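All of these numbers come straight from a predicted model, not from anything done at the bench.
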Amino acid sequence: AEGGFWDYVLLAFLSVETDRLEAAAQAVEHLHRLRPDDHFTHYWDAVTRIYLEDIEGAEEAIRYAMGQGLSESMLGDFIEHMVGEGYYIRAAALRLDLKKAALAQD
């Protein structure tokens, strides 16, 4: 039977944490089918893309997730994943870019 959305969120999390990137990518595919506009879908898409070395795709996905209501703390977690994989400058630039965008909305 097809698992539910939260089952695939958990699977994506566990797969990333245990370095099972193929399983993480498959979980993200299910998330896109079940809830294509959900911020959790795009968050886990973004995180998985970091580890698959698709940093441009990761940044695009996290920007979409932010537009769908992703929390600041989850953005912080995403930035930690970027830094953990050695994308220091890109992580700082993304954080700055998103801060500027937030200020422009105020």
Side-chain angles (χ1 to χ4, degrees):
E2 180 91 12
F5 179 79
W6 295 109
D7 296 328
Y8 286 109
V9 168
L10 181 59
L11 181 59
F13 167 75
L14 293 173
S15 298
V16 166
E17 291 296 311
T18 57
D19 204 28
R20 296 179 60 231
L21 300 180
E22 190 173 312
Q26 289 173 354
V28 167
E29 284 179 30
H30 286 287
L31 294 174
H32 276 288
R33 275 200 298 278
L34 293 168
R35 293 192 194 170
D37 294 325
D38 194 281
H39 65 272
F40 284 106
T41 296
H42 293 275
Y43 173 81
W44 285 108
D45 189 4
V47 169
T48 300
R49 286 175 186 271
I50 291 172
Y51 294 97
L52 293 173
E53 299 179 8
D54 176 10
I55 194 64
E56 288 82 14
E59 289 176 348
E60 185 179 316
I62 204 66
R63 287 175 191 282
Y64 187 87
M66 291 296 293
Q68 296 301 104
L70 186 75
S71 70
E72 276 287 321
S73 72
M74 286 185 76
L75 174 62
D77 292 344
F78 173 78
I79 299 278
E80 285 180 28
H81 285 284
M82 287 181 77
V83 169
E85 287 301 295
Y87 296 108
Y88 310 108
I89 302 298
R90 290 189 84 124
L94 178 65
R95 171 74 80 183
L96 186 62
D97 212 28
L98 293 170
K99 289 272 186 215
K100 278 196 236 176
L103 289 173
Q105 289 179 352
D106 289 342

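- Ring geometry for Trp44 versus Phe13: interplanar angle over 60°, hence perpendicular rather than tilted (30 to 60°).
- The two residues Leu14 and Thr18 have their closest heavy-atom pair at O-OG1, 2.7 Å.
- The side-chain heavy atoms of Phe78 and Leu94, taken from C-beta on, include a pair separated by under 4.5 Å.
- Atom CD in Glu22 sits 12.0 Å away from atom OG1 in Thr48 (nearest 0.5 Å).
- Checked against the 6.0 Å centroid threshold, Phe40 and Trp6 count as a close aromatic pair.
- Residues Ala46 and Ile62 approach most closely at CB-N, 3.7 Å, considering heavy atoms.
- Hydrophobic clustering keeps Leu103 apart from Ile79 (ILVMFWY residues linked when any side-chain heavy atoms are closer than 4.5 Å, directly or through intermediates).
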Under the criterion side chain to side chain contact (heavy atoms under 4.5 Å, CB included), I'd like the reasoning laid out for His30 against Leu11: C-alpha separation, chi angles, the key distance, then a yes or no. CA-CA 10 Å; His30 286 287; Leu11 181 59; over 6 Å; no
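- A pairwise comparison of heavy atoms in Ala65 and His39 identifies O-CB, 3.5 Å as the closest pair.
- Judged by distance alone, with hydrogens and angles left aside, the side-chain atoms of His32 form no donor-acceptor pair with the main-chain N or O of His42 at under 3.5 Å.
- Within a 6.0 Å radius of CD1 in Ile89, other residues, nucleotides and ligands contribute 12 heavy atoms or fewer.
- With sequence neighbours excluded, the residues that form a side chain to side chain contact (heavy atoms under 4.5 Å, CB included) with Arg90 are Ile55, Glu56, Glu59, Met82, Tyr87.
- The shortest heavy-atom contact between Ala24 and Ala12 is CB-O, 4.3 Å.
- Atom OH of Tyr43 and atom NE2 of His81 lie 4.0 Å apart (nearest 0.5 Å).
- Hydrophobic cluster membership is shared by Leu21 and Leu31, with clusters built from Ile, Leu, Val, Met, Phe, Trp and Tyr side chains linked at under 4.5 angstrom.
- With rounding to the nearest 0.5 angstrom, the CZ atom of Phe5 is 3.5 Å from the CG atom of Asp38.
- Shown here is Arg20, whose CZ atom has no more than 12 heavy atoms of other residues, nucleotides or ligands within 6.0 Å.
- The only option from Val9, Asp45, Val16 that meets the side-chain contact (heavy atoms from CB on, under 4.5 Å) definition with Val28 turns out to be Asp45.
- Shown here is Glu85, whose CD atom has more than 12 heavy atoms of other residues, nucleotides or ligands within 6.0 Å.
- Hydrophobic clustering (ILVMFWY, side-chain heavy atoms < 4.5 Å, transitive): Ile50 and Tyr64 are in distinct clusters.
- The main-chain N or O of Asp37 is never found under 3.5 Å from a side-chain atom of Thr41 such that the two would form a donor-acceptor pair.
- With hydrophobic clusters built from ILVMFWY side chains whose heavy atoms lie under 4.5 angstrom apart, Met74 does not share a cluster with Leu96.
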